[in-house]
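Structure first, then comments.
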Amino acid sequence: MRSRLRRLVLGATALFTAASALPAAAAPSQGRAEQHPSRDGMSAVIRYTEYGIPHILAKNYADLGFGTGWAQAADEVCTLADGFVTLRGERSRYFGADTAADGALSGARTNLASDLYFRGVRESRTVEKVLAEPAPVGPSREVRGMMRGWAAGYNAWLKKNKTTDPACAGASWVRPVTELDVAARGLAIASISGEGRFVDTITTAKPPTGTTTAGSGPSARKPDAKAVAKAADELWGDPGMGSNAVAFRGDTTANGSGLLLGNPHYPWEGGRRFWQSQQTIPGELNVSGGSLLGTPAISIGFNTHVAWSHTVSTGIPANFHRLNLDPADPTTYLVDGKPERMRKRTVTVAVQDGAPVTRTQWWTRYGPVVTSLNSQVPLPWTSTTAYALYDPNASNLRFSDTSLGFSKAKSTDDVLSSLARHQGIPWVNTIAADRAGHSLYTQSQVLPRITDGLAERCSTELGRTTYPASGIAILDGSRGDCALGSDPDAVGPGIFGPARMPTLKDAPYVENSNGTAWMTNADRPITGYERVFGTVGTQLGLRTRGGIEDVAAMADKGRLTVRDLQRQQFANRVPAGDLAAGDVARACAALPGGSATGSDGKPVDVSEACGVLKAWDRTMDTGSRGALLFDRFWPRLERAVPPGQLWKVPFSAADPVGTPNTLNTDVPGLATALADTVTELRAAGIALDAPLGAHQFVVRDGERLPVPGGAGQLGVWNVIQPTWDAAGGGYTEVPFGSSHLQAVGWDGSRCPVARTLLTYSQSSNPESPHFADQTRLFSGEKWVTSRFCEKDILSSPKLKIVRVHERH
């Protein structure tokens, strides 16, 4: 059987290689090949290796998309189908209007809000308009082929296979999709940090009538600048996505090649999951990595020459324009004194067991009218003023082309070239390393073109507070000279061109843990960028501080290998613990009678906690005793004590990694936080010295798996963020954290040296053999050895070969 499988795959490989090697005169034109892959329709060969990782072999981009769509459907059909219901605006029809929405593709709180927004996008033909644009504004021929192929592959899998996942088996909402659906998913992902965050207010904004002010009732007050700045900062500081990544230059490594460690933090459930594969078109493309579900290209990964990852950036991907309204008509606004009518987008949504719901949205030259930042902070639509949101990513379908450029890159310079050519990265930084020993960090993303000069000239009174405080620009939309303008190297107006992007090349290390570009390398700070990209000279988060400490020490040590990257990923060091746990233990031991007063005024015996914290090993390993106690204590302390009082040595921009430090143990909040933590754990029946893994876990196939790692708030690199359920007796199963891990380098061979791990495993179907296999590895802090070269794929003891085809 094994030799027969090898003959099959070698034959398929030879066929594809021969096709790709045809002389130019004999080969069909690429355009024609992409439109008509074969008389029998699209096809691909999928070679599965350990842990269900598919290696997809195809003759062209449409066939590659076909194999990818098929294989993603095989692993994630219910998750994917659920997302397509969202994109069609049909959640209310199938799941009820008031039910909580799918959080993977927008911030909508209910299905009705989600449907009103996405149905509006569809009926306005937003996606079709972008698809019709020539590249690079619209997708390239290759990406169009991949999207079309992905839809065909997904549909072919549905036609041929019975769905076994109980989440959607037999469900009427699992339906075939089109290229338009695939493109709509890409657009939703691009705008998830812009328009996607404002779906509720976009779909409920109404013009004022009589004495009523839209969005806030009849007694609307002027927006409070500090409240708006705080809400905006919290909005775009939301930890719903995050990441770490580091790249090392060749002179820090054992063999002169670069190294890359990628550690994105994403939800473990739902449509923001990554999915692993290798994509190969012989002679054209060969790349391995993780794709966001429903997308046809590799999002983060590596090839023979380059490895890259992304981290969520500090750039603010949207801005507001204050509109001056015509006193006679609140749906007409003035620009340079000339009236412009808002565009009505009236949308009707079918509702389960109820009458259809029809609502109107209001759109302007800048974007949709919004009436709040969140439920507590209104931006009122009055008879004289309204606010519109501008999100340049709401028309950005360039992410796949940018990623495809990375996939074909031969150097970090090629990565930069793809970023400059396509300009499609919506809300993340890029960190990369290559075989030749180069390192790269760049915050090359699609941001509204808000220069500090423009903000100075055109900010409203509100914007003069929000922009310096949070990077949120609120501009005067009544002035034509306050338009965002255009950079000569940008693909279109209203966004920054590549020359303005914060970038650092060939530093000994480049590291990002969702902090600003400024401290990418402590010895080579990046400055000179506009405030909308992030801050300079401000206090770092503990994860950034800890990450820089660790990777700078690694670079100084030198002779690094992939194994060193693996150790860094699972070191599980707690920088907050290193800074404060000893002081807390000593302050605890000094409490009279070992007692502290809780926030309810009752005394609590905390004496046991003193010894537990003193003995704690300062890690978040599953066996660490004291980790859970400190994990529950530290956030409580930070909430109780104002930032300026927490540390005796304040932050200094001259020592950003080392300050602030020295815990102020004299603050009364410390003893109270300790008492409340002890009370909380005892009420939940949890011993103060319980091992972390006994309470930080997931259950897979009836087995309770301990999960290593900890909260980013503690500074832990390996972020794991469970949810505390006091009534349930502790933490729920882990829903968020480290996701698609990759540690990549090169040796003298043609094959990259790579270790990967998909923490939540390849399939969300509990009936799949690959529902929990990599999760068990993550629990034990083990990795998967990547099979990239043909000899490695063919030597897999789990090799399974499937030829998939469309067959009209």
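We use all heavy atoms of the structure for the numbers below, so side chains are in, but hydrogens, waters and symmetry mates are not.
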Q. Going through the checks in order, is the side chain to side chain donor-acceptor pair (under 3.5 Å) test met by Tyr366 and Asn319?
A. CA-CA 10 Å; Tyr366 305 109; Asn319 73 281; over 6 Å; no
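- The main-chain N or O of Thr295 is found under 3.5 Å from a side-chain atom of Gln72 such that the two form a donor-acceptor pair.
- Taking the six-membered ring where tryptophan is involved, the planes of Phe533 and Tyr529 are perpendicular, since the angle between them exceeds 60° and thus also 30°.
- Of all non-hydrogen atoms in Arg144 and Leu131, the two that sit nearest each other are NH1-O, 3.2 Å.
- Heavy atoms only, all atoms of each residue included: Ala297 and Ser403 are closest at CB-CB, 4.3 Å.
- When every heavy atom of Ser140 is checked against every heavy atom of Ala135, the shortest pair comes out as CA-CB, 4.1 Å.
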Q.
Gln445 vs Trp427, test: side chain to side chain donor-acceptor pair (under 3.5 Å). Steps then yes/no.
A. CA-CA 6 Å; Gln445 63 172 123; Trp427 32 260; over 6 Å; no
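- Within the 4.5 Å cutoff, no side-chain heavy atoms of Met146 are placed close to those of Ser400.
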**Q.** Intermediate values then yes/no, side chain to side chain contact (heavy atoms under 4.5 Å, CB included), Tyr154 and Val182
**A.** CA-CA 10 Å; Tyr154 177 89; Val182 180; over 6 Å; no
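- With a 4.5 Å cut-off on side-chain heavy atoms, Glu128 and Leu180 count as touching.
- The distance from atom CD1 of Ile300 to atom OG of Ser288, rounded to the nearest 0.5 Å, is 11.0 Å.
- Ring-plane geometry between His321 and Tyr390 is classed as perpendicular, the angle between the planes exceeding 60 degrees on a 0 to 90 degree scale with a lower cut at 30.
- With no hydrogens or angles considered, a side-chain donor-acceptor pair links Ser749 and Asp747 at under 3.5 Å.
- Looking only at side-chain heavy atoms (C-beta outward), Leu416 and Lys505 come within less than 4.5 Å of each other.
- More than 12 heavy atoms of other shown residues, nucleotides or ligands fall within 6.0 angstrom of atom NZ in Lys408.
- For the pair Leu293 and Leu80, the minimum side-chain heavy-atom distance is below 4.5 Å.
- In this structure a side-chain-to-backbone donor-acceptor pair under 3.5 Å is missing from Asp63 to Asn60.
- Shown here is Arg750, whose CZ atom has no more than 12 heavy atoms of other residues, nucleotides or ligands within 6.0 Å.
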Q.
Let's go through Ser313 and Asn429 carefully: what are the C-alpha distance in whole Å and the side-chain angles of both, what is the deciding distance for side chain to side chain donor-acceptor pair (under 3.5 Å) to 0.1 Å, and is it a yes or a no?
A. CA-CA 5 Å; Ser313 80; Asn429 307 296; 4.5 Å; no
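- Looking only at distances, no side-chain donor or acceptor of Ser459 sits under 3.5 Å from a matching main-chain atom of Glu456.
- Side chains of Gln742 and Ser309 form a contact here, defined as non-hydrogen atoms less than 4.5 Å apart.
- At a threshold of 4.5 Å between non-hydrogen side-chain atoms, the residues Asn393 and Ser193 do not count as touching.
- A donor-acceptor contact shorter than 3.5 Å links the side chain of Asn303 to the backbone of Ser407.
- Each of Leu419, Val287, Ile298 was checked for a side chain to side chain contact (heavy atoms under 4.5 Å, CB included) with Phe406, and the lone residue meeting it is Leu419.
- Listed for the Asp550 side chain is no donor-acceptor partner under 3.5 Å among the backbone atoms of Gly547.
- Exactly one of Thr516, Thr520, Asn521 qualifies for a side chain to side chain contact (heavy atoms under 4.5 Å, CB included) with Ile526. That residue is Thr520.
- One finds the NE2 atom of His740 at 12.5 Å from the OG atom of Ser243 (value rounded to the nearest 0.5 Å).
- Between the side chain of Asp434 and the backbone N or O of Lys410, no donor-acceptor pair lies under 3.5 Å.
- Between the side chain of Ser191 and the backbone N or O of Gly194 there is no donor-acceptor pair closer than 3.5 Å.
- Remark: the backbone N or O of Ser439 is not paired with any side-chain donor or acceptor of Arg249 at under 3.5 angstrom.
- The OG atom of Ser257 sits 11.5 Å away from atom NE2 of His305, with the distance rounded to the nearest 0.5 Å.
- How far CZ of Arg148 is from OH of Tyr61: 14.0 Å, rounded to the nearest 0.5 Å.
- Interatomic distance, CE of Met42 versus NZ of Lys59, reported as 11.0 Å (0.5 Å rounding).
- Checking Ser277 against Gln279 by side-chain atom types alone, no donor-acceptor pair falls below 3.5 Å.
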(Q) Does Arg500 form a side chain to side chain contact (heavy atoms under 4.5 Å, CB included) with Thr451? I'd like the steps, not just the answer. (A) CA-CA 10 Å; Arg500 293 180 180 264; Thr451 65; 4.0 Å; yes
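- With a 4.5 Å cut-off on side-chain heavy atoms, Tyr467 and Ile472 do not count as touching.
- Between Arg421 and Asp414 no salt bridge is recorded (no basic side-chain N to carboxylate O distance below 4.0 Å).
- A side-chain donor-acceptor contact under 3.5 Å links Ser513 and Asn244.
- Counting only heavy atoms from C-beta outward, the side chains of Tyr509 and Leu560 never approach each other to under 4.5 Å.
- Interatomic distance, Ile425 CD1 to Arg398 CZ, rounded to the nearest 0.5 Å: 10.0 Å.
- Trp746 places a side-chain N or O within donor-acceptor distance of the main-chain N or O of Thr304, the cut-off being under 3.5 Å.
- Side chain of Thr756 to main chain of Ser786: no donor-acceptor pair is present (N/O by atom type, distance under 3.5 Å, no hydrogens or angles).
- For the residue pair Asn286 / Gln278, a side-chain donor-acceptor distance below 3.5 Å is found, with atom types taken as modelled.
- What you find for Pro317 and Gly315 is that their closest heavy atoms are CD-O, 3.3 Å.
- For the 3.5 Å distance criterion, the side chains of Ser738 and Asn263 qualify, holding a donor opposite an acceptor.
- Nearest approach of Leu484 to Leu475, heavy atoms of both residues: CD2-CD1, 3.7 Å.
- Among all heavy-atom pairs drawn from Thr503 and Ser444, the shortest one is OG1-OG, 4.5 Å.
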Q | Step-by-step side chain to side chain contact (heavy atoms under 4.5 Å, CB included) determination, Arg449 to Leu454 | A | CA-CA 9 Å; Arg449 189 181 171 277; Leu454 179 66; 5.6 Å; no
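- The environment of CZ in Arg457 is crowded: more than 12 heavy-atom neighbours from other residues, nucleotides or ligands sit within 6.0 Å.
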